[in-house]
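Notes to accompany the following structure.
In this chain, numbering begins with 1 at the start of the sequence shown. Just follow the structure's listing: the first ligand is 1, and inside any ligand the first atom is 1. The structure displayed is predicted, hence computed values, not measured ones.
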Amino acid sequence: MPADHTHASSGCFDTAAQDAVYRAIFTRRDVRSHFLPDPLDDEVLARLLMAAHHAPSVGFMQPWNFIVIRDLQRRQKVRDLFLAARQQELPHIAEERQALYRKLKLEGICESPLNLVVTCDRSRSQNSPLGRWHNPEMDLYSTVCAVQNFWLAARAEGVGVGWVSIIDREALKQVLAIPEHVVPVAYLCVGRVSEFALRPDLERHGWGNRLPLAELVMSEIFGGDGESGLKETVTGLCAGRTAA
Ligand SMILES: Cc1cc2c(cc1C)N(C[C@H](O)[C@H](O)[C@H](O)COP(=O)(O)O)c1[nH]c(=O)[nH]c(=O)c1N2
């Protein structure tokens with residue numbers, strides 16, 4: 001690892017470390033174009049996988065596995081699945097948005113030097129569903145936490161990641177010989193990039209905008225009739241970020 005993080009500690013990070021965390025969060029992008037063909041160093045990939053493996057998981061289940069696909073022929077097969085799935089998705093998109101949908105680049109399966117599938121082994125808790133008895137899908141959510149750790153660490157290492165979900169899951173399982181009880185949660189395109197876009201691709205192409213955070217923060221529940229200034233603070237923060 002770049003630094004030793006194994007000691008217990010209390011309190012907050014110093015300002016530079018805090019900035020680095022927020023920088024990774026705010027500059028992370030879903031990458032579909034701008035992949036460079038250069039192979040990804042095993043040392044770097046190992047660090048990213050280590051970051052993923054330190055995600056929180058329900059009952060400390062750690063339900064993930066990581067399938068690394070470098071073989072181009074296999075990736076071409078997956079790309080064919082994507083193309084078929086995209087055709088199937090199209091008629092379900094609002095008619096007035098279909099032309100834009102057709103133009104969007106929504107994968108970098110063959111352009112990126114490697115693909116990574118993050119899977120969830122649903123049998124790993126061995127009949128001890130701590131934290132999952134009422135909510136059995138928590139193992140899938142845990143796996144998504146691993147994906148996000150990978151994504152943020154990748155950004156810090158200058159590695160682009162793009163998630164492709166326009167793929168028929170059962171067909172993908174067949175192509176990759178994934179066993180019945182294992183769910184492919186995320187299909188990721190991974191590699192060095194020529195640039196990270198400043199804004200999400202879907203925003204730049206007019207598909208959607210970031211929703212105002214203040215509208216998503218629900219009223220807090222207070223014992224008395226107090227109202228906190230949280231919404232105003234959030235609004236101020238958002239205004240500052242927009243201006244920056
Ligand atoms: C579960 C899930 C599934 C997908 C995605 C994301 C997530 C979380 N995204 C990426 C998505 O479009 C992107 O995150 C948003 O547009 C916001 O952009 P940034 O990630 O901030 O760059 C995505 N992108 C894409 O090009 N093809 C896809 O199939 C998917 N699928």
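Summary of contacts: the protein heavy atom closest to atom 13 (C) of ligand 1 is Asp30 CB, 3.7 Å. From the protein, the heavy atom lying nearest to atom 27 (N) of ligand 1 is Leu106 O, 3.0 Å. If you check which protein heavy atom lies closest to atom 18 (O) of ligand 1, you get Pro200 CB, 3.2 Å. When hydrogens are left out, the protein atom nearest atom 11 (C) of ligand 1 is Arg32 NH2, 3.8 Å; that is the closest non-hydrogen contact. Of the protein's non-hydrogen atoms, Ser165 OG, 3.4 Å is the one closest to atom 3 (C) of ligand 1.
Gln174 is linked by a side-chain contact (heavy atoms from CB on, under 4.5 Å) to nothing, counting only residues two or more places apart in sequence or in another chain.
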Checklist entry - What do the steps show when you test Asn65 against Arg124 for side chain to side chain donor-acceptor pair (under 3.5 Å), and what is the final call? => result CA-CA 11 Å; Asn65 282 94; Arg124 196 163 292 168; 2.4 Å; yes
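Of the N or O atoms in Trp163, one or more lie within a sub-3.5 Å distance of an N or O in ligand 1.
Counted within 6.0 Å of CD on Gln126, heavy atoms from surrounding residues, nucleotides or ligands total 12 or fewer; the atom is thus considered open.
Arg132 has a carboxylate O that lies under 4.0 Å from a charged side-chain N of Asp139, or vice versa, which qualifies the two as a salt bridge.
When heavy-atom distances to ligand 1 are checked against a 4.0 Å cut-off, Arg29 comes that close through both its backbone and its side chain.
Close approach of ligand 1 to Val164 is summarised as follows: ligand atoms under 4.0 Å from at least one heavy atom of the residue are 28 (C), 29 (O). Those atoms of ligand 1 that come under 4.0 Å of a heavy atom in Ile166, given as number and element, are 29 (O).
There is no protein heavy atom closer than 4.0 angstrom to atom 15 (C) of ligand 1.
Under a 3.5 Å cut-off, the side chain of Arg192 and the backbone N or O of Leu40 do not form any donor-acceptor pair. Using modelled atom types, no side-chain atom of Glu111 and backbone atom of Ser33 make a donor-acceptor pair closer than 3.5 Å.
A parallel orientation is assigned to the rings of Phe26 and Tyr22, their planes being inclined by less than 30° (bins at 30° and 60°).
Within the structure, side chain to side chain donor-acceptor pair (under 3.5 Å) contacts touching residues 162-173 (residues at least two apart or in different chains) do not occur.
At least one heavy atom of Arg28 sits under 4.0 Å from some atom of ligand 1.
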